[in-house]
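Predicted, not measured: the structure shown is a model, and the values here were computed from it. Because only heavy atoms are used, hydrogens play no part in the values below, and waters and symmetry mates are left out as well, while side chains stay in. Just follow the structure's listing: the first ligand is 1, and inside any ligand the first atom is 1.
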Amino acid sequence: MKILVTGGTGYIGSHTCVELIQKGHEVIILDNLYNSSIDVLDKIETITGVRPKFYKTDILDKEGLDKVFAENDFEAVIHFAGYKAVGESVAIPLTYYENNIAGSINLYQMMKKYKVRNLVFSSSATVYGDDFEVPFKEEYGLGTTTNPYGTTKKMNEMIITDMNKAEPENSGVLLRYFNPIGAHESGLIGEIPNGIPNNLVPYIAQVAAGQRDFLRVWGNDYDTVDGTGVRDYIHVVDLAKAHVKAIEYAATHKGTEVINIGTGKGYSVLQVLHAYEKACGYPIPYKIMERRPGDIATCYADTAKAEKLLGFKAQYDIDKMCEDSYRFTRKLKM
Ligand code: NAD
Ligand code: UD1
């Protein structure tokens with residue numbers, strides 16, 4: 001299939017491009033390089049032997065988008081482009097709504113104009129809010145989001161659902177990611193956080209690399225195995241493989257499906273820390289702090305629907321996620 005990947009030089013996008021190319025798909029990347037580097041194209045080429053066609057285009061630029069669609073006969077779109085920092089979204093909500101909502105609508109309008117019917121969208125487990133019991137099931141629907149970033153994911157889900165009702169030939173798969181971590185085994189692509197990382201594993205990676213003194217563990221008085229927060233971490237390469245299955249599913253079905261992508265298993269902050277210590281071979285200092293506002297105790301996926309509809313099951317465990325993250329971070333420093 002000829003597939004447009006928006007945000008394709010980003011963290012999850014780059015891994016997905018690798019898996020798509022390795023499955024024989026033709027990938028065209030569109031990214032404004034706000035949070036990624038053009039060098040990623042070299043890395044994708046080194047891993048796969050194929051250099052994807054690239055457009056430095058902003059999804060807010062309607063004319064630019066039109067040109068990309070006019071020049072290519074896309075069969076499908078995987079839409080990753082967007083802003084993703086929770087705290088920043090609270091501080092500058094309009095910027096988040098403009099980029100993640102107005103930008104996405106531009107893209108969907110272009111898909112309509114050029115009759116590109118198949119879409120996979122990057123949603124997040126954050127749309128469940130803290131309204132439901134774990135494991136989170138797709139049938140629960142949308143919860144109460146706690147920040148503008150989460151609300152942009154929820155709104156996109158609603159927009160795509162309505163759009164596909166109006167256009168019954170369309171097909172949309174809304175993937176609700178749990179916590180993607182890790183990096184490609186080659187150590188060539190991975191997550192490069194901007195500024196001080198908010199997420200757990202990028203922060204641990206920087207402590208392990210000596211860039212920060214200790215991990216701040218946000219609370220140890222939750223009702224969990226050791227009192228620290230529990231999440232469903234998934235290897236980014238597993239997540240990338242789920243996208244290949246999702247876009248192939250979209251191309252052969254109509255309507256809209258919401259699908260969780262996680263492992264179905266939860267690990268606590270301290271369990272992840274210890275897995276990372278095993279990967280790097282030395283202790284990682286940490287201090288217990290107050291709870292972080294907005295955090296929930298436990299979050300993990302019910303993965304039955306992904307298995308049933310997509311035939312997808314995550315393969316990699318927490319040790320492999322930490323080993324690959326550590327390898328990528330070490331290479332970055334070299
Ligand atoms: P990322 O920041 O690494 O990748 C996003 C890419 O989109 C970047 O390369 C950025 O330059 C590009 N981009 C942003 N705004 C753009 C615009 N207006 N026009 C063109 N390109 C633009 O993020 P990621 O971690 O790879 O996440 C990809 C998607 O998955 C995002 O939509 C994110 O919200 C979603 N998601 C991520 C996580 C996570 O933990 N990483 C979890 C759930 C959902
Ligand atoms: C966070 C976002 C979520 C977003 C997701 C993207 C919040 C409240 N939620 O989810 O909306 O979709 O990232 O991946 O920001 N932790 C520490 N110390 C740290 C960092 C994290 O103890 O320095 C703990 C947290 O309290 C939590 C766990 O590690 O228990 C995971 O945190 P994080 O990686 O930020 O992910 P989420 O909170 O699940």
Could you check whether [Y] and [X], counting side-chain N and O atoms only, form a donor-acceptor pair closer than 3.5 Å?
X: Glu88; Y: Tyr96; result: yes
X: His274; Y: Gln271; result: no
X: Lys53; Y: Asn72; result: yes
X: Tyr276; Y: Ser325; result: yes
X: His25; Y: Glu248; result: yes
X: Ser123; Y: Glu157; result: yes
X: Tyr108; Y: Asn156; result: yes

Should you measure from each heavy atom of [X], which atoms of ligand 2 turn up under 4.0 Å away?
X: Gly229; value: 30 (O)
X: Asn179; value: 36 (O), 37 (P), 39 (O)
X: Arg216; value: 17 (C), 18 (N), 19 (C), 22 (O), 23 (O)
X: Asp295; value: 8 (C), 25 (C), 26 (O), 38 (O)
X: Ser124; value: 12 (O)
X: Val86; value: 2 (C), 3 (C), 11 (O), 15 (O)
X: Val217; value: 22 (O)

Tell me the protein heavy atom at minimum distance from [atom], and give that distance in Å.
atom: atom 14 (O) of ligand 2; result: Asn199 ND2, 3.7 Å
atom: atom 22 (C) of ligand 1; result: Asn32 OD1, 3.1 Å
atom: atom 28 (C) of ligand 1; result: Phe80 O, 3.7 Å
atom: atom 35 (O) of ligand 2; result: Arg292 NH2, 2.9 Å
atom: atom 27 (O) of ligand 1; result: Ile12 CD1, 3.8 Å
atom: atom 16 (N) of ligand 2; result: Trp218 CD1, 3.4 Å
atom: atom 27 (C) of ligand 2; result: Arg231 NH2, 3.7 Å

Contact region, Thr6 to ligand 1, non-hydrogen atoms below 4.0 Å, reads neither
Would the Phe80 and Tyr11 ring centres measure less than 6.0 Å apart?
->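 When the ring centroids of Phe80 and Tyr11 are compared, they turn out to be at least 6.0 Å apart.
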For the rings on Phe74 and Phe69, is their centre-to-centre separation under 6.0 Å?
-> yes
Fit a plane to each ring of Tyr249 and His253, take the angle between them on a 0 to 90° scale, and name the class: parallel (under 30°), tilted (30 to 60°) or perpendicular (over 60°).
->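 Rings of Tyr249 and His253: parallel, as their planes differ by under 30°.
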Describe, in one word, how the ring planes of Phe121 and His79 are oriented to each other, choosing from parallel (under 30°), tilted (30 to 60°) and perpendicular (over 60°).
->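 Tilted: the ring planes of Phe121 and His79 meet at 30° to 60°.
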Picking from Thr228, Asn220, Thr224, Ile204, what satisfies side chain to side chain contact (heavy atoms under 4.5 Å, CB included) with Val269?
->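 Checked Thr228, Asn220, Thr224, Ile204 against Val269; only one passes side chain to side chain contact (heavy atoms under 4.5 Å, CB included): Thr228.
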N/O of [X] under 3.5 Å from N/O of ligand 1, yes or no?
X: Leu30; answer: no
X: Tyr149; answer: yes
X: Glu191; answer: no
X: Ser36; answer: yes
X: Asn35; answer: yes

Closest to atom 31 (C) of ligand 2 among Tyr233, Tyr177, Tyr203 (heavy-atom distance) = Tyr233
Ligand 2 contacted by Tyr149 (non-hydrogen, < 4.0 Å) |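 Checking ligand 2 against Tyr149, which is what was asked, there is a heavy-atom contact under 4.0 Å.
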Just checking, Lys287 and Phe214: is the charged tip under 6.0 Å from the six-membered ring centre and within 45° of the axis?
-> yes
